[in-house]
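Heads up: the structure comes next, in structure tokens.
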There are 2 protein chains.
Amino acid sequence: MPTEGKLPATAAQWSTRELILLEASRLFATRGFRGTSTRDICTAVGIRQPSLYSHFLSKQAIAQELLSRDLNSGIEALDRFARDGGSPSVELYRYLRWEITYDLEDPFDKRVLYNVEILALPELDGCRELLDVYNNRLEALIRRGIRGKDFIALDVIFLRRTVDAIILEAMRGSAEGAPIADQPDLAATVVLRALMQTPGEIDSVRARAHSAGL
Amino acid sequence: MPTEGKLPATAAQWSTRELILLEASRLFATRGFRGTSTRDICTAVGIRQPSLYSHFLSKQAIAQELLSRDLNSGIEALDRFARDGGSPSVELYRYLRWEITYDLEDPFDKRVLYNVEILALPELDGCRELLDVYNNRLEALIRRGIRGKDFIALDVIFLRRTVDAIILEAMRGSAEGAPIADQPDLAATVVLRALMQTPGEIDSVRARAHSAGL
DNA sequence: GTCTATACTCTGATAGAC
DNA sequence: GTCTATCAGAGTATAGAC
């Protein structure tokens with residue numbers, strides 16, 4: 001579910017509500033959630049500070065919407081690639097390529113949404129449940145890979161955290177001038193090298209992923 | 001340079017200044033830097049809020065000291081293992097095991113020091129230079145590994161970022177109930193699997209690292 | 001070094017006119 | 001939905017007595 005699909009092509013046509021989400025995500029990414037005031041956001045959008053409350057109940061509600069959108073799109077993607085079948089290696093490779101490409105093309109900047117600063121906000125209970133769903137889906141994929149001897153038999157939670165950390169690092173790296181086009185395959189390659197029992201077969205995984213349409 | 005070496009054994013004997021650093025690091029880790037007030041820190045230490053300014057010029061100065069201590073210890077460790085010689089694989093394995101063990105045993109909680117929220121503070125210029133030194137040392141190690149055919153020839157900066165991300169993730173994981181004793185070898189193993197041309201030789205790397213004294 | 005008292009700024013959020 | 005006006009609270013930091 002690429003964000004572009006539900007938004008007008010030019011920024012000038014975006015709704016005020018979407019603009020608030022967009023500018024808030026960018027400011028959060030560079031100054032942190034608490035380091036960004038509602039006045040900062042509204043100045044970037046071009047409205048006065050109290051007008052924000054016509055669109056959101058609170059500042060936390062902005063973070064909540066950004067986070068739940070991102071989590072839902074990740075869960076959807078994991079489900080989509082799981083339905084396609086194929087070996088867990090191919091499934092994971094396709095998901096990583098898709099996720100990182102999506103993150104880097106998305107105008108919303110989601111670099112800090114998964115920091116404690118935001119995740120620990122008391123208002124974000126619903127998001128933490130969604131996060132559990134996402135984690136469970138990704139762990140299930142890794143577990144399938146271990147059972148089928150595709151992946152090494154290390155602690156599943158540790159492996160899932162490692163995968164998440166590499167996805168987030170690819171997002172952050174692109175924001176610091178790294179060549180964007182390379183990131184998805186680089187990150188997917190490194191993850192699969194770390195997890196696969198026989199990393200020498202990565203080229204075959206890449207080929208099968210491409211023939212499966214990605 | 002383990003922190004225990006320069007501190008009294010029991011918390012009751014710590015200086016107020018060290019206690020401020022300790023409690024601040026813990027509060028930063030769970031609420032973020034901006035989410036932690038100087039009052040919060042002083043309450044945890046057992047002094048009144050203005051007394052903090054007898055020890056630090058500002059709240060930022062606390063983050064600066066925590067960060068520069070951590071960076072200096074990392075740089076020292078990288079230099080130490082580089083001086084010991086051995087293959088880049090063994091050198092990286094030894095560094096990772098040492099670094100993660102140190103992070104997990106250290107009473108100071110450094111989980112969020114490397115977030116933009118803190119790194120972007122204008123008062124932390126000196127730390128950013130130290131961070132460059134650390135990054136250069138780690139990149140040099142990776143570059144040596146690539147030249148010597150130990151490691152795969154992917155983008156060095158991307159690989160260094162991946163290594164950093166996995167170190168930080170091991171730190172965060174341990175704070176959420178993961179079995180602490182396993183983290184150093186798990187993380188070092190995953191990193192070396194990702195980087196080594198022949199991941200099958202990891203057992204040999206581990207053996208050589210242990211005979212080198214770690 | 002620690003305290004009390006306080007200054008001053010910034011922040012999130014509400015009220016009510018248009 | 002956007003505005004002006006405004007508030008109440010929390011924040012960092014300083015002054016000065018002990």
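Protein chains get the first letters and strands the later ones, always in sequence-line order, with residue 1 at the start of each.
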Worksheet entry | B:Q49 vs B:T38, side chain to side chain donor-acceptor pair (under 3.5 Å): CA-CA, chis, key distance, verdict | CA-CA 6 Å; B:Q49 183 261 350; B:T38 52; 3.2 Å; yes
Item to complete: Return each pair, listed once, that meets ring-ring contact (aromatic ring centres under 6.0 Å, His included) where at least one residue sits in residues 158-189 of chain A; pairs must be two or more places apart or across chains.
Response: none
Fill in: Value rounded to 0.5 Å, distance of CD1 in B:I167 from NZ in B:K110
11.0 Å
Worksheet item: Measuring from A:E117:CD to B:I118:CD1, what's the distance to the nearest 0.5 Å?
Response: 9.5 Å
Item to complete: Write down the distance between CG (B:L52) and P (D:dT14), rounded to a whole number of angstrom.
Response: 11 Å
Fill in: Reported CE-to-CG distance for the pair A:M171 and A:D103, which is rounded to 0.5 angstrom
4.5 Å
Fill in: Whole angstrom value for the distance that separates P of D:dA10 from CD of B:Q49
14 Å
Worksheet item: What distance separates B:I142 CD1 from B:L92 CG, expressed to the nearest 0.5 Å?
Response: 7.0 Å
Discussion item. Need two values: the first and the last nucleotide of DNA chain C, 5' to 3', having an atom under 4.0 Å from any heavy-atom of chain A.
Written reply: C:dT11 to C:dT14
Worksheet item: ring-ring contact (aromatic ring centres under 6.0 Å, His included): which pairs involve residues 22-54 of chain A, sequence neighbours left out?
Response: A:F28-A:F33
Discussion item. Can you list, in residue-number order, the parts of residues 35-47 of chain B that come under 4.0 Å of DNA chain D, counting heavy atoms only?
Written reply: B:T36, B:S37, B:T38, B:R39
Discussion item. Quick check on contacts: within residues 54-63 of chain A, what sits under 4.0 Å from DNA chain D by heavy-atom distance?
Written reply: A:S54, A:H55
Item to complete: Work out which heavy atom in B:I20 is nearest to a heavy atom in B:I47; give both atom names and the distance.
Response: CD1-CD1, 4.2 Å
Item to complete: Report yes if some heavy atom in the side chain of B:R128 is under 4.5 Å from a heavy atom in the side chain of B:D132; otherwise report no.
Response: no
Discussion item. Among residues at least two apart in sequence or on other chains, which ones pass side chain to side chain donor-acceptor pair (under 3.5 Å) with A:D40?
Written reply: A:R31, A:S37
